[in-house]
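Worksheet: one structure, shown below.
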Amino acid sequence: MAVVDRQTEVTLDAVRDRYGRTVHRHAAAAARARRDTAALETYAAYLAQHADQLLDAARTALDKLPFARHTNA
């Protein structure tokens with residue numbers, strides 16, 4: 001993912017002028033779309049298989065927290 005992010009930043013730097021303004025909006029949008037697609041593919045390949053475990057861990061952690069004071073009224 002870091003490689004994709006770096007490639008995106010290099011592409012975005014190439015489409016900006018020396019003041020940091022984007023001058024090639026279509027190329028910038030295409031670079032961001034490639035980055036987003038790569039992020040989704042990475043998520044599907046590596047994290048989605050652990051989603052149930054992550055959600056269970058989050059629920060367990062939330063269940064251990066004390067109730068909020070304003071809900072005990």
Side-chain angles (χ1 to χ4, degrees):
M1 195 62 208
V3 172
V4 172
D5 188 47
R6 180 67 185 141
Q7 290 171 346
T8 302
E9 287 302 317
V10 167
T11 303
L12 290 175
D13 286 343
V15 299
R16 293 181 184 131
D17 64 6
R18 65 181 177 168
Y19 301 109
R21 297 178 298 218
T22 302
V23 291
H24 301 289
R25 299 206 185 279
H26 297 294
R32 289 187 187 101
R34 280 192 303 272
R35 178 195 59 202
D36 295 346
T37 302
L40 287 173
E41 289 171 357
T42 302
Y43 171 79
Y46 298 106
L47 293 178
Q49 59 190 350
H50 303 291
D52 290 332
Q53 295 167 341
L54 292 170
L55 288 172
D56 288 341
R59 286 185 191 106
T60 302
L62 287 174
D63 288 342
K64 291 180 181 178
L65 292 176
F67 289 108
R69 284 184 268 166
H70 68 278
T71 60
N72 291 335

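One-based numbering along the sequence shown.
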Let me confirm one number: the NE2-CG distance from H24 to L12, rounded to the nearest 0.5 Å.
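Atom-to-atom, H24:NE2 and L12:CG are 12.0 Å apart.
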
From D13 atom CG to E9 atom CD, the distance as rounded to the nearest 0.5 Å:
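Taking CG in D13 and CD in E9, the distance rounds to 6.0 Å.
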
Linking directly or through intermediates, with side-chain heavy atoms under 4.5 Å: list the remaining ILVMFWY members grouped with L62, chain and number order.
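Answer for L62: L65.
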
Taking all non-hydrogen atoms of both residues into account, name the closest pair between A44 and A48 and its distance.
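Looking at all heavy atoms of both residues, the shortest contact is O-CB, 3.8 Å.
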
Take atom NE2 in H50; do more than 12 heavy atoms of anything else shown fall under 6.0 Å from it?
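Buried by this count: over 12 neighbours within 6.0 Å.
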
T11 vs R35, test: side chain to side chain contact (heavy atoms under 4.5 Å, CB included). Steps then yes/no.
CA-CA 11 Å; T11 303; R35 178 195 59 202; over 6 Å; no

Report the residues that fulfil side chain to side chain donor-acceptor pair (under 3.5 Å) with R21, sequence neighbours left out, ordered by chain and then residue number.
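By the side chain to side chain donor-acceptor pair (under 3.5 Å) rule, R21 matches D17.
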
